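Remember, it's a predicted structure, so these values are computed and weren't measured experimentally. Convention: sequence-line order gives letters A, B, ...; per-chain numbering from 1.
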Amino acid sequence: MSLAEKYPQEIEAIYAKYPADRKRSAVMPLLYLAQRDEGYITKGSMAEIAALLDLEVTEVASIVGFYTLYHDKKEGKYRMQVCNDLPCALRGADQFLESLCQNLGIQVGETTPDGLVTLEAVMCLAACDKAPMFQLQDDDKVAYYENMTVDKTMELIDALKKGGLGESIRDASSREVK
Amino acid sequence: MAQMVTLTVNEVKVTVPAGTLIVDAAKRAGIDIPVFCYHPKMEPVGMCRQCLVEIGRPMIDRTTSQPVPGEDGNPRIQFMPKLETACTNPVSEGMVVLTASEKAKAGQKEIIELLLTSHPLDCPVCDKGGECPLQNLTMAYGSSGSRFIYDEKQHAAKSIPLGELIYLDRERCIQCARCIRFQKDIAGEPVLDFYQRGRATDIVTYSEPGFDSIFSGNTTDICPVGALTTADFRFGARPWEMNHTASLCAQCPVGCNITFNVRREAKSGGGHSIKRIMPRQNEQVNEIWMCDKGRFAGYHFAESAERLTQPLIKGAPADLQTAQKLVAEKLKEAKAETVVLAGGRLANEDLFNLKQLADGLGGKALLYTPIGGGEYTAVYGLTAGSNLGDLGKGSTVLVIASDLHDEAPIWYLRIKAAAQRGATVVVANARATPLDDFATFVVRYAYGDEVQTVNSLSGKEQFAGAFSAENLVIFYGSDGLGMAGSTALAEACAGLVKSRAGKPNNGLVGVWNAANTQGAYELGFRPATDLASELKGKAVYVAAADPAGDDPALAEALKSASFLAVQELFLTETARLAAVVLPASAYTEREGTFTSAERRVQRFYPAVPPRPGTRPDFALTADIARYAGIELEGRSPLLVMNRIAASVKVFSGISYARLAEVTEQYPIVGRGDLYYGGTTYENTQGLGTHLALSQEDISAGAKPHAALRPKENELLAIPASKVYDRGTTMVAARLLDGRAGVPTVAVNPVTAGKIGLAAGDPAKVSLNEAEYDVIVKLDESLSTGVVLVYRSFGIPISEPTPVKISVAEKA
Amino acid sequence: MAHLLLRHRDIPDIKKLDVYVKNGGFTALKKAVTGMQPGQVMDEVKASGLRGRGGAGFPTGVKWSFIPKGVFPTYVVANADESEPGTFKDREIMEGNPYQFLEGVAIACYAIQSNVGYVYLRGEFYQLARELDDCLAEMEKAGYLGDNLFGSNYSLRIRTHLGAGAYICGEETALLESIEGKRGQPRIRPPFPALYGLYGKPTVINNVETLTNVPLIIEKGAAWYKSMGTEKSPGVKIFSLSGNVTRPGNYELPLGTTFRELIFTHGGGIPDGHQVKGIMPAGASSSIILVNSATFDKVMDTPMDYESVQNVGSLLGSASVILIDDTCSMDWIINKTMHFFKHESCGKCTPCRDGTYWMLHLVERIHAGNGTNADVQILQSVANQVNGKCLCALGDFSTMAITSAIERFPQDFESKVKT
Ligand SMILES: Cc1cc2nc3c(=O)[nH]c(=O)nc-3n(C[C@H](O)[C@H](O)[C@H](O)COP(=O)(O)O)c2cc1C
Ligand code: SF4
Ligand code: FES
């Protein structure tokens with residue numbers, strides 16, 4: 001089934017955000033919709049989005065290629081994106097990531113054998129004061145997990161195996177200011 | 001008149017129109033600023049940063065708004081602390097630009113060094129080597145060594161086919177986006193784009209077929225490195241080994257100026273081979289572009305091994321003189337019963353001689369064409385001072401019954417550009433065509449309603465203003481029309497431009513299917529209303545036409561001719577029926593002139609020696625005439641043109657010398673500075689000239705025309721043209737086989753559904769009692785009563801004709 | 001002092017509409033729409049001296065006044081791309097005190113008479129975007145957005161637009177391209193967005209924090225606002241403190257607060273008895289401030305405002321203060337920043353695209369201990385070669401840490417290279 005058939009209301013709501021003669025603006029939200037639908041962006045959905053917005057498929061593909069949160073390949077059900085950019089690294093993110101790799105038995109960029117988690121290292125996520133941290137991306141959500149330890153993370157992965165993505169954990173301790 | 005601005009570039013004072021970019025202003029002063037991403041035909045983007053220069057502007061006193069004088073009394077110049085891009089900054093009064101100061105030179109050198117860190121430096125095996133902007137600019141502006149460790153170079157795939165016509169070498173790409181911008185902004189076919197970002201950025205196409213654009217070859221001209229190359233020329237030759245000859249493209253009536261690149265090869269027995277076609281600048285015709293049909297199909301037919309090289313009498317080899325004498329004898333006998341039938345790909349000189357021969361015998365000179373109405377374009381066509389490039393605000397262009405994109409691709413580009421400059425563009429057709437996307441108004445009518453549509457246009461309120469604009473150019477074609485229909489349409493359109501006759505940028509243009517149809521009309525050729533009956537029983541002399549191959553009915557007619565002589569490049573169906581066959585030289589092997597549908601006469605020059613055994617058409621005809629006792633010029637086309645000028649009024653004043661004249665054109669391209677305009681050739685051999693208008697008294701205005709329309713429960717086959725077909729000059733271009741595809745018909749999805757056909761299904765169409773295998777294409781814009789049948793795909797279609805279509809068993 | 005921007009720290013439920021309203025929410029918007037001319041709103045903001053919190057510190061009211069009169073439509077775009085390493089203030093504002101920010105967007109829209117505002121969020125703020133969408137729906141329900149606001153003939157809608165992972169989209173023209181559905185690559189300027197912005201129309205782009213200040217200025221007046229901070233940098237600022245510090249986090253303080261106060265009074269100093277070695281006050285885009293026994297007091301007593309930070313060889317930028325202690329070697333630091341910039345270079349212009357690639361190779365080689373003195377010199381020279389030649393500021397940013405590290409911490413490189 002096409003996106004237009006499956007999500008008519010969502011698509012209308014997306015169009016309504018932009019001036020009627022600026023349909024092209026809808027390309028990014030529509031790509032999110034497609035990604036939500038299939039877990040990644042297929043050539044078929046690029047073609048459909050192109051047709052909806054009067055674009056060439058190549059133009060749509062070019063957007064997918066530019067932005068790092070769009071994926072054109074199927075990977076793990078969850079993408080665990082650990083920030084190891086400078087501020088987090090100053091607070092031990094590199095060591096955290098390394099021991100996570102050891103615990104999961106995979107390298108950065110790889111997916112656990114059960115296809116559950118793809119582990120990635122990413123740039124700053126605007127959570128520098130709560131390192132180590134990562135964001136977990138599934139088809140429908142991006143959730144932050146902050147002030148993490150390897151143990152807490154492994155518990156989370158166990159929970160993921162059993163069920164969905166819990167509420168994101170936000171450690172408020174570091175927010176207390178005198 | 002634009003306001004003029006004076007500035008100083010490296011001590012040279014230049015005065016240019018306000019708004020001119022520094023890089024172009026410098027160019028006019030003879031100063032080259034190195035560029036990669038900038039191209040004078042496109043909006044600046046300032047990406048490559050190669051054009052860094054120092055820019056100073058007069059200091060302005062805030063209180064008086066006057067320039068502050070310096071010690072020498074001249075305005076004091078304040079230089080910006082940073083280098084700036086010459087390609088994005090427009091000139092301003094009193095500006096001082098330093099393009100070669102120590103600081104500017106250092107900046108330019110530094111950018112080249114950075115660019116080279118990602119370049120493979122594989123010049124010895126690169127097709128662009130020898131005409132490469134990067135290579136040239138590195139020599140001129142770069143440094144001699146590199147501080148970059150070569151092993152750390154990023155490697156990427158080489159030779160990626162972007163479809164079967166164009167190859168991409170990802171390592172060589174410098175991400176200037178010229179190709180992407182050309183496709184988006186100039187061609188309007190954005191099928192190339194960047195993928196990824198940063199250093200990983202590369203060019204991709206996702207279209208089916210890859211790089212699905214009929215202008216793709218132009219990207220290889222403007223690519224400043226060897227990243228994009230054509231499959232036609234890849235590894236073909238090195239630029240410096242080739243000679244170049246000015247010529248014209250003979251594929252359509254636009255008359256694009258081109259250059260043939262030629263070298264001697266063992267493959268042709270040490271003879272000359274054409275290696276590629278490049279565009280040649282003519283800002284009034286094709287600017288610096290050409291379409292892929294011209295580029296990739298323009299010469300292969302002439303190089304074909306199938307070419308005729310031996311005169312034949314009743315199929316048996318004969319010597320030329322005997323064959324020509326036989327023709328002369330037969331025509332002389334037939335006298336007024338002689339019919340000369342000529343195709344529109346012949347040069348003016350050939351046509352003139354053929355016409356003189358027919359006239360001398362008292363016979364008829366008929367033009368073989370599917371499109372009528374040239375008698376109107378001769379009287380109401382374009383004339384001196386016209387240039388589609390001038391159309392913009394205040395101009396209206398009407399395109400009716402034509403798919404300019406497929407039938408005359410460069411006009412599609414130029415009319416699209418006119419629309420973008422503010423011209424009112426009205427596209428009227430019974431089906432959707434690519435130009436619709438850029439049109440101000442799209443008018444949809446039913447096939448058969450063409451004349452009424454023209455009639456109603458000028459009346460309708462929304463258009464009224466458009467048709468009383470300062471300039472009005474009308475392109476009419478033959479989409480869905482045969483001879484009678486197109487002629488009636490021409491007459492109707494002529495009514496709209498009648499009062500403007502002779503005014504520059506006003507007039508009627510026929511979208512012919514051949515390069516010199518306009519010339520044939522101007523020289524007095526006329527199509528027959530009923531060609532078959534004109535041929536029966538006559539002594540027929542056919543040149544450059546294959547009526548028997550196009551239509552079985554015409555083959556029958558020719559069989560009952562009293563005599564048939566054929567002058568041709570190939571042993572066509574018509575030639576097979578002929579008593580005498582005379583091998584003609586291809587236009588690449590001789591000189592001559594064509595008259596474009598815009599009525600511009602232009603010269604082409606010999607690129608290669610004639611194929612042994614062949615002679616140019618005008619000379620073959622002159623000999624026959626002489627043997628028949630009629631004195632014609634057969635020595636050289638130049639001399640024939642002198643006769644044309646002396647005897648055909650609209651040609652008066654035209655000579656080869658005049659046609660070879662060149663005036664300065666902007667942008668300046670093709671000299672030592674390939675990085676600026678690309679590898680397009682500079683025009684040094686003639687811009688051509690417009691014909692005067694014929695003063696013939698001819699009626700104009702819409703007259704009732706009884707068109708055939710689909711009846712209930714009946715389908716009507718409608719003729720239409722596609723850019724790539726299987727015509728005589730196309731089949732030899734094997735590279736385009738895939739794009740031309742198999743015989744195809746288009747129908748409305750509803751029609752297809754009723755018959756049980758889906759897109760891509762095989763089907764059978766029966767037409768005039770014969771059956772043909774086709775593939776079905778769906779087109780929602782078609783009315784349900786018609787089946788669109790493309791010309792020159794082996795299905796004879798010259799007029800709207802009743803047709804049946806049925807499901808074919810899948811093979 | 002109670003927080004002005006991070007009000008949720010004092011009033012935890014202020015992210016609920018009724019709580020926000022109960023605490024004076026939307027009075028400023030109502031005051032503007034019903035009692036002030038757009039020009040007066042603009043003048044008030046101009047008079048407050050508010051400067052952009054997105055990094056460049058450009059006076060906000062002046063920016064608004066560049067919008068040509070009589071051109072329609074115009075747009076306001078809130079820059080919520082927040083991707084500078086070390087910056088995490090906008091996120092906290094939007095999570096904790098979203099209505100004050102949205103009220104600021106609304107007032108900005110009114111000031112330039114725009115009927116649509118966009119909030120551009122980085123893609124990672126996916127969840128946050130949904131929360132803001134809910135807030136916007138609440139506002140519309142309660143009559144703070146929609147047609148005929150407060151009975152006037154002014155209508156306004158605000159929409160969110162989500163990016164998808166690209167630091168460059170924080171650059172204002174790249175951001176506009178992204179909303180237009182294109183690759184987020186910067187445009188050449190001029191023309192500036194005030195004349196040719198979103199969809200080619202006049203557009204104001206402001207940072208989230210900048211806009212969150214606006215309701216206070218309208219409500220309490222420019223004079224009140226100017227009483228905080230310094231003469232040239234009035235008002236409060238959120239400092240994102242991160243790196244080697246005991247209590248990292250956001251601190252809302254008057255502009256002009258010293259490094260000492262931020263780092264030691266609020267941040268609790270450097271943990272484990274280590275010393276400060278360098279400070280990056282503007283995230284990864286900073287020149288690294290040299291801190292040693294000779295410079296310590298001078299640096300610590302420097303007020304953090306747009307002018308003073310230049311005296312210690314850096315810029316305030318977005319005030320994302322990253323602390324580096326004496327366990328870190330600068331070759332490691334620049335290895336991190338170069339990875340970031342190479343990853344985020346949009347690829348549009350040559351010096352940044354090829355320069356970040358080259359610099360990263362040099363930095364990696366040096367960091368791995370395989371570099372020579374010549375490599376360090378080449379690195380310095382390539383950085384200078386890139387700086388000042390790029391299409392946008394990202395390319396320049398990428399060189400800041402490198403040039404300052406090599407210049408100010410030569411010993412870290414001398415000890416690293418092969419001799
Ligand atoms: C590479 C780059 C990244 C930027 N990222 C951001 C950002 O994430 N958030 C932001 O508000 N401004 C960012 N800016 C600054 C914006 O371009 C712009 O100046 C700012 O949003 C204007 O708002 P202000 O006047 O309120 O500061 C960035 C600039 C550059 C060159
Ligand atoms: S400086 Fe970098 S980010 Fe900015 S335009 Fe150039 S390549 Fe893109
Ligand atoms: S930046 Fe001026 S030519 Fe590329």
(Q) Under 4.0 Å between a side-chain nitrogen and a carboxylate oxygen: does that hold for B/K184 and B/D193? (A) yes

Q: With chain C as the partner chain, list the residues of residues 94-103 of chain B whose heavy atoms fall under 4.5 Å from it, by residue number, and write 'none' if nothing qualifies.
A: none

Q) Does any donor atom in the side chain of B/S143 or B/E113 lie under 3.5 Å from an acceptor atom in the other side chain? A) no

Q | Segment of B/E84 engaging chain C (4.5 angstrom heavy-atom cut-off) | A | neither

Q: Classify the angle between the aromatic ring planes of C/Y75 and C/Y118 as parallel (below 30°), tilted (30 to 60°) or perpendicular (above 60°).
A: tilted

Q. Does a side-chain N-to-carboxylate-O contact under 4.0 Å join B/D169 and B/K128?
A. no

Q: Please look at C/A166 and chain B and tell me whether the side chain, the backbone, both or neither of the residue comes under 4.5 angstrom of a heavy atom of that chain.
A: both

**Q.** Taking every non-hydrogen atom, the tightest pair across B/E152 and C/H361
**A.** OE1-CB, 3.2 Å

Q: Kindly assign one of parallel, tilted or perpendicular to the pair B/F148 and C/W358, based on the angle between their ring planes and the thresholds 30° and 60°.
A: perpendicular

Q: Fit a plane to each ring of C/Y120 and C/H161, take the angle between them on a 0 to 90° scale, and name the class: parallel (under 30°), tilted (30 to 60°) or perpendicular (over 60°).
A: parallel

Q. What part of B/N89 is in contact with chain C, defined as an atom under 4.5 angstrom from a non-hydrogen atom: side chain, backbone, both or neither?
A. neither

Q. Which answer fits B/K109, side chain, backbone, both or neither, if we ask what part of it has an atom under 4.5 Å from a heavy atom of chain C?
A. neither

Q: List in chain and number order the residues that pass side chain to side chain donor-acceptor pair (under 3.5 Å) with C/K342, two or more places apart in sequence or in another chain; answer none if no residue qualifies.
A: none

Q) Do you see a donor-acceptor pair shorter than 3.5 Å between the side chains of B/Y38 and B/D24? A) yes

Q) Looking at B/A200, B/A106, B/C176, B/S118, which makes the most heavy-atom pairs under 4.5 Å with chain C? A) B/S118

Q) Which bit of C/R187 comes within less than 4.5 Å of chain B, counting heavy atoms only: side chain, backbone, both or neither? A) neither

